[in-house]
Amino acid sequence: MDIDVVSSPIHETAADAILIFLYQNSPFNEALNTLDAALGGLLREVTEAGDLTGKSSDLLVLYPRGVIPAQRIIAVGLGEAEEITPDTIRRAAAQGIKKARDMKARTVTALLPDHPDVNTAAEALTEGTLLALYSYHGQKSKEKAQDLPEKLTLFVTSEQDIMAAQQGVKAGEAVAAGVKITRDLVNLPPNICTPAHMAQVAEEVAQEAGLKIEVLKKKQIEALGMGALLGVAQGSDDPPRFIILEHNADKAEALDTIVLVGKGVTFDTGGYSIKTTDGMVGMKADMAGGGAVIGAMRVIAALDVPLHVVGLIPAVDNMISGHAFRPQDVLKASNGITIEIISTDAEGRLILADALVFAARYKPAAVVDIATLTGACMVALGTAAGGLFSTDDTLRDALMQAAERTHEKIWPLPMFAEYDKLIESNTADIKNTGGRYGGASIAAVFLKHFVDYPAWAHIDMAGMAGIEGVSGSENPYVPAKGATGYGARLLADFVRHWK
């Protein structure tokens, strides 16, 4: 979709639809008063009649019938002006643009909602619009329907606001592009989205966005002693990849370094600790953390965030064969720690272990990993939020603030010393599971053994990726079916607002 910013009167534009936003119990601003006058008082008439209240999610379609050049007006409520947030605008924009799409509108003009910060409002409107219009056609044989609307013209009330709105549009487009990459990757079937394919997509993103990339193959991974990662990968005919993306690689010495780590299990059978038939459906999404990191790195590069940011994605298949690892095998991670395998279905923490060790070489100010890691986290938090574990309160708070801004929710969970006792092993330094209860915290405590830097956070996004039969978001800019793209916006926003 093409998006322009102009300041000419909205009622003079010829469009298939005009999109306006109204606050509840608030007087019209100058632009709405001007539009209402051109409509002969129609807006005021429907609001006074109670047909259009301005409540959140309120929507009404009006037909000017030739009074102005536009064919229809789509009015969307924002709720109380005092409660406005960027997510309010994202949701209202998504609701309005979906209605325009349903009505086959090709061209839409939108009046930027009143907000103290024009840039923020324009970014939120653009982001909500583009995310709402996302669709995945996949491998269907029928030709994909035309993407509508084709053009959005964003109207601001003053020429002085054009530059700020344009900057907001650019940021919104960058965020939406990153989320699209994440959603596309997670939606792909596992026979296409192999570790090699994830690496190929990362290379394409790097080339497009100007990121430095290195993709390590099996022999290079072996040379690094990543025995935990290799143990998971050894049962598959698809060899592993270790993907390294860098933003501002040439400025690493001068800038703070943030490392993002994403789990990339492109399909998880559970290995010899095999999943049930129903439990295995949706496991193509077990690389959603890795997909989120690739998407976030695309956003970070597009917006040229003034930090040195590294994205690490260990990509493997967890399969069953005569070569697959087994319960009671002992693996050695790249920091020398030995791990007794209790469950081969607790594989994500193994590949993250070697990635977290690798992250230390960048001397990071902070490391954040994200993974569809435990069903236990999903039992605790459902599909409402990801679990957050952190060794640093400042990092924890920064991630919580990013979650508030993006509405990609996370919730702090503990890493008590008692959990560490549960992964003591008789034959190795630690074991990879610790019993039935407290599974999300046990997994986080396991990962902490591979952390050697002052600030680390782990996000368990189980339940948030859009796994088949679980997703069902009522958020209008998040698909109700298929991949949500969760994590890309959260991580990118966190990096953008890093102290």
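- Between Ser56 and Glu83, the closest side-chain pair of non-hydrogen atoms is not below 4.5 Å.
- Using a 4.0 Å cut-off between a side-chain N of Lys or Arg and a carboxylate O of Asp or Glu, Arg106 and Asp16 do not qualify as a salt bridge.
- Contact annotation: the side chain of Ile459 approaches that of Leu490 to within less than 4.5 Å [non-hydrogen atoms, C-beta and beyond].
- For the pair Val61 and Met103, the minimum side-chain heavy-atom distance is below 4.5 Å.
- With contacts defined as side-chain heavy-atom distances shorter than 4.5 Å, the pair Cys193/Met198 qualifies.
- The pair Arg496-Glu123 meets the salt-bridge criterion, since a charged nitrogen lies less than 4.0 angstrom from a carboxylate oxygen.
- For the pair Asp304/Asn248, a side-chain contact is recorded, criterion being any heavy-atom separation below 4.5 Å from C-beta on.
- Side chains of Ile300 and Leu491 form no contact here, defined as non-hydrogen atoms less than 4.5 Å apart.
- Contact check for Val293 versus Ile243: no side-chain heavy atoms found under the 4.5 Å cut-off.
- Open room surrounds NZ on Lys140; 12 or fewer heavy atoms of other groups in view lie less than 6.0 Å from it.
- When side chains are defined from C-beta on, Leu130 counts as touching Glu173, because their heavy atoms get closer than 4.5 Å.
- Relative orientation of the Trp456 and His458 rings is parallel, given thresholds of 30° and 60° on the angle between their planes.
- Look at Asp102 and Lys99 and you find no salt bridge, because none of the NZ, NE, NH1 or NH2 atoms lies under 4.0 Å from a carboxylate O.
- Electrostatic pairing of Asp286 and Lys263 counts as a salt bridge here, judged by a charged N lying under 4.0 Å from a carboxylate O.
- Residues satisfying the ring-ring contact (aromatic ring centres under 6.0 Å, His included) test with Phe155, not counting sequence neighbours, are none.
- Annotation for Lys448: atom NZ does not count as buried by contact number, only 12 or fewer foreign heavy atoms lying within 6.0 Å.
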